[in-house]
Amino acid sequence: MFGASLGPEAALAGVVGGMITWMGDHLKITFEHKDELLKLSIGTMLATIFRAPFAGISEAFDDNHPFKLKNKARKIGLYAISTLFGIVGFLFIEQFSPEESVFALHFSTAIQWEWQALLFAPLGWLVGGIFGWIFLKIEKLTNKIAEKIMGKMIKAVLAGIGIFGLVSPYFLFSGEHQLLPLSKEALQFSFFNLVLLGIGKAILTNFCFAFGWRGGKIFPAIFSSTAIGFAFVSLFPYTPGLLVGVVVAASLTMILGQPYLSMSLLLFLFPIQFFPVILLSSLGLGKVKNFVEAKYAETSK
């Protein structure tokens, strides 16, 4: 209502958690099984709102902890089945209120391949990783600021003033519906304006979240990373969609810390032809992130 720069996924996860808790109380499900059912349900929810079925089973691949289920294959199977039922249910309900979404599998025939894109792809991957790191630093900073301000009402009002919305409507809401207009207009913006849009969206999203507004960060993270990707492309305009995909894949993987979830979402956002490069970007950044964190942990000891 006030245009908070947050997505629906976190609020929906709260609703799903409440429903699973109610189901557990009435069906006498143990707490252990309730946790498993909650993860299954949240994975299905993500697959549904992003129109991305693979997002539902990505948790099974990204989870590095010992599985509570008997084996990994069984867990993957359960996630796949729950995701299938979620997608089928969503498609049935969508018939009553159809909605256009930017998330869909598509094969583009208008791509102009340029060999220079291969030269600048590693630089785009680095830019995406750095922006993802900046996003996480902004998250920590806004959390510290929020801890020093007393009163939920004061924090809610401060985060909902809407000053950013006076600068550009792109700062408002989750960013899902603004992705398509941005992709058509981005190359008309200056490099400086695109960078401000990407960083400003990251600041506003974390500000709203830390100050108590309900919502998630996945949609805004994709939008802000896309703005940074277009800023990079404004300097190196070679196969723009591919370079934007590399930047977004690296950034989103850094922010979420889940390469399989990141690549499964971006599969339904970018043309299929770009997916191999997106896959390498996500998995590569995930490996580097884990390596750096492991080295940092050893140094801290």
Side-chain angles (χ1 to χ4, degrees), residues 7 9-10 12-13 16 35-87 90 102-106 121 124-125 128-129 131-133 135-136 176 216-226 229 242 244-294:
E9 61 274 7
L12 287 172
V16 170
D35 291 340
E36 292 174 358
L37 190 57
L38 182 59
K39 284 188 175 183
L40 284 169
S41 302
I42 290 177
T44 302
M45 178 201 72
L46 284 175
T48 301
I49 64 174
F50 284 95
R51 281 71 159 177
F54 295 121
I57 62 174
S58 63
E59 174 71 24
F61 293 99
D62 280 319
D63 192 355
N64 294 320
H65 301 287
F67 294 114
K68 293 180 180 179
L69 299 176
K70 290 184 178 180
N71 53 62
K72 187 172 183 177
R74 182 183 174 189
K75 183 172 184 178
I76 294 174
L78 285 175
Y79 273 74
I81 293 171
S82 65
T83 299
L84 175 64
F85 277 101
I87 294 294
F90 169 76
V102 70
F103 288 90
L105 273 176
H106 57 286
W125 180 79
F131 178 71
W133 177 80
F135 191 100
L136 295 176
E176 174 196 4
K217 299 181 182 180
I218 299 179
F219 278 119
I222 292 175
F223 181 88
S224 58
S225 301
T226 301
L242 179 64
V244 171
V246 169
V247 173
V248 176
S251 175
L252 194 62
T253 301
M254 176 65 74
I255 294 169
L256 300 181
Q258 296 179 290
Y260 289 100
L261 175 59
S262 300
M263 72 175 69
S264 64
L265 295 178
L266 298 182
L267 172 62
F268 292 83
L269 181 60
F270 291 92
I272 295 176
Q273 299 98 306
F274 295 159
F275 184 69
V277 179
I278 289 173
L279 184 148
L280 291 175
S281 299
S282 295
L283 290 180
L285 201 287
K287 294 291 185 182
V288 171
K289 187 173 185 288
N290 292 336
F291 175 79
V292 172
E293 289 178 347

Asker: Report yes or no: does W125 contribute a side-chain atom to a donor-acceptor pair with the main-chain N or O of V246 at less than 3.5 Å?
Answerer: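 Flag not set: sc W125 to bb V246 has no pair under 3.5 Å.
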
Asker: What pairs meet the salt bridge (Lys or Arg N to Asp or Glu O under 4.0 Å) rule with one or both residues in residues 279-290, with sequence neighbours excluded?
Answerer: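 Residue pairs passing salt bridge (Lys or Arg N to Asp or Glu O under 4.0 Å), neighbours aside: K289-E293.
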
Asker: Please evaluate residues F135 and S251 with respect to the criterion side chain to side chain contact (heavy atoms under 4.5 Å, CB included), reporting the C-alpha separation (whole Å), side-chain torsions for both, the decisive distance (0.1 Å), and the verdict.
Answerer: CA-CA 9 Å; F135 191 100; S251 175; 5.8 Å; no

Asker: With sequence neighbours excluded, what pairs up with F223 under the ring pair (Phe, Tyr, Trp, His ring centres under 6.0 Å) test?
Answerer: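 Scan of F223 (ring pair (Phe, Tyr, Trp, His ring centres under 6.0 Å), adjacent residues dropped) gives Y170.
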
Asker: List the steps and the verdict of side chain to side chain contact (heavy atoms under 4.5 Å, CB included) for M263 and L283.
Answerer: CA-CA 8 Å; M263 72 175 69; L283 290 180; 3.5 Å; yes

Asker: Show your working on side chain to side chain contact (heavy atoms under 4.5 Å, CB included) between F131 and S224 and close with a plain yes or no.
Answerer: CA-CA 9 Å; F131 178 71; S224 58; 3.7 Å; yes

Asker: A249 and S282: which non-hydrogen atoms are nearest, and at how many Å?
Answerer: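 Shortest heavy-atom contact: CB-OG, 3.7 Å.
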
Asker: To the nearest 0.5 Å, tell me how far S281 OG sits from F274 CZ.
Answerer: 12.0 Å

Asker: Using the rule side-chain contact (heavy atoms from CB on, under 4.5 Å), only one of V248, I278, L266, L285 pairs with T253; which is it?
Answerer: L285

Asker: Testing the basics here: between L252 and I218, what is the closest heavy-atom pair and its distance to 0.1 Å?
Answerer: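 Nearest pair, atom of L252 first, then I218: CD1-O, 4.5 Å.
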
Asker: Test W133 against I255 for side chain to side chain contact (heavy atoms under 4.5 Å, CB included), laying out the working first.
Answerer: CA-CA 7 Å; W133 177 80; I255 294 169; over 6 Å; no

